Amino acid sequence: MNSNNKPALNEIFEKALSGSKLFLKREALSFDYVPNKLLFRENQINLIAESLSPILRGAKPSNLILYGQTGTGKTATAKNVINALRNASDKTSYEIKLCYINARITGTEYRLLYELGRELKVNIPFTGLSIAEASSRIIEEIRDKKLFSILILDEIDFLVKQHGDKILYEFTRVGERLSTGSLSMVGISNDLRFKELLDPRVISSLSEEEVVFTPYSSTELKSILEERTSIALYPDSVSTGAISLCAGLAGSEHGDARRAVDLLRISGEIAERENSLKIEENHVRTALKRIEQDRVNDSLTSLPIHAKLVLLSILFTSNNKSTGEIYNEYSTLTNKCGMETLTQRRISTLINELDLLGLISAKTISQGRYGRTKKITVSIQISLIKETFSKDPILGEITNSLP
DNA sequence: CCTCCACAGGAAGCGCAGGAGT
DNA sequence: ACTCCTGCGCTTCCTGTGGAGG
């Protein structure tokens, strides 16, 4: 792309058309953008490409697992290699099918098969079939049409944590049993200890090859951001300080490129709204605050009604209260507004879910003689909760009666 | 050292929604 | 119309447990 200081003609027109003074190509700063050139991932790209390349000769490639924390470029790298493989496969006579599935979005075994079936053009209804029937339809299709298929399972650890490794076992078995065609898997996991959850048989088959993605360092993050901005923004529309700050903030935990890129994009949007011609550090700081607020707001509004009631109960009692005390308060609340009261067991899991969302913190502690319980504390700004819930048709009144 | 509190959290199963096949 | 399938939210029943007080 153009990186010289003189804007090309098309850039000027583009600018006029989009009305944006900053963004040339906003998508390049979106989290699912797959750049043509991935920085600092040459090794991984080569490893994956080598493992998958037998497919171009009509042989079964080995299964592999990609490990690494969020934002280390696993998905982007996988997609990058797949795109290249797709292009290369046009020149072969074998029919190669590539199927990318995110196991967190496609949460269940059946829907996994459904998605895979759709990619392979097998007729699998949205619901109604048994898992066995659905998978045998897929196997038949692969065998009959001699398909060479690669299934990329993103966030595979979610699937295993929720449903066990049964389906993975099935898939690896299928891969081994097929006489014509093939089915290979590329698993992508955020959890480095994910293998411990698997059956040894699945491990030996699934992780024939392993590729590890290490977190980016802040300097690497900086280079990545610079590369992306050169595509996404007009020249000279971001200060070096702002880039460093994005890289630093995102790198402080572990080198999370997704966070860095998101942060920069939102900073850009804020700068744009202020009619600023350059993204500065203060925009980044505002963006950081806004990301956090949006996240909280989203999870608050999408909470099921009983989870909201539990959260309110926590607000009505003071901090550091036990599950039992929260449950009592919750019961009086449900009675007050004439709703059914769920069991304490259920509330216990709701509390855990709220904890997982980062809205509250629930620590299990032991008080010896006085039992074992959780100490529950709200971990976000209370005013945010009040603000969101007071608009709620059912909970508005109760919320406003809060002290 | 043992006991026993006040829960945690696993397992099983129920009723329902939503949909396919017959 | 009827059977069969899965997912989901929930209940019921259950076993497990860290440590203060005896």
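If you're wondering where the values come from, they're calculated on a predicted model, not measured in any experiment.
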Would you indicate, yes or no, if B:dA6 has its OP1 or OP2 atom less than 4.0 angstrom from a side-chain nitrogen or oxygen of A:Lys374?
-> no
With heavy atoms under 4.0 Å as the rule, sort A:Thr349 into base, sugar-phosphate or nothing.
-> nothing
A:Asn352 CG to B:dG10 C1', in whole Å, measures 13 Å
In whole angstroms, how far is the P atom of B:dA6 from the CD1 atom of A:Ile326?
-> 17 Å
Report the nucleotide, chosen from C:dT12, C:dC10, B:dC7, that has the shortest atom-to-atom distance to any side-chain atom of A:His306.
-> C:dC10
Steps toward side-chain hydrogen bond (donor to acceptor under 3.5 Å, both in side chains) verdict (A:Asn352, A:Lys374) | CA-CA 10 Å; A:Asn352 283 344; A:Lys374 278 179 179 153; 2.2 Å; yes
For A:Asp154 and A:Thr75, does a side-chain donor sit closer than 3.5 Å to a side-chain acceptor?
-> yes
Consider only side-chain N and O atoms of A:Asp392 and A:Thr399, and report whether a donor and an acceptor are under 3.5 Å apart.
-> no
State whether a side-chain donor-acceptor pair under 3.5 Å links A:His283 with A:Glu274.
-> yes
Spacing of A:Ser217 atom OG and A:Phe40 atom CZ [to the nearest 0.5 Å] | 7.0 Å
Interatomic distance, A:Arg372 CZ vs C:dG18 P [rounded to whole Å] = 6 Å
Show the distances under 3.5 angstrom between N or O atoms of the protein and N or O atoms of nucleotides 14-16 of chain B.
none

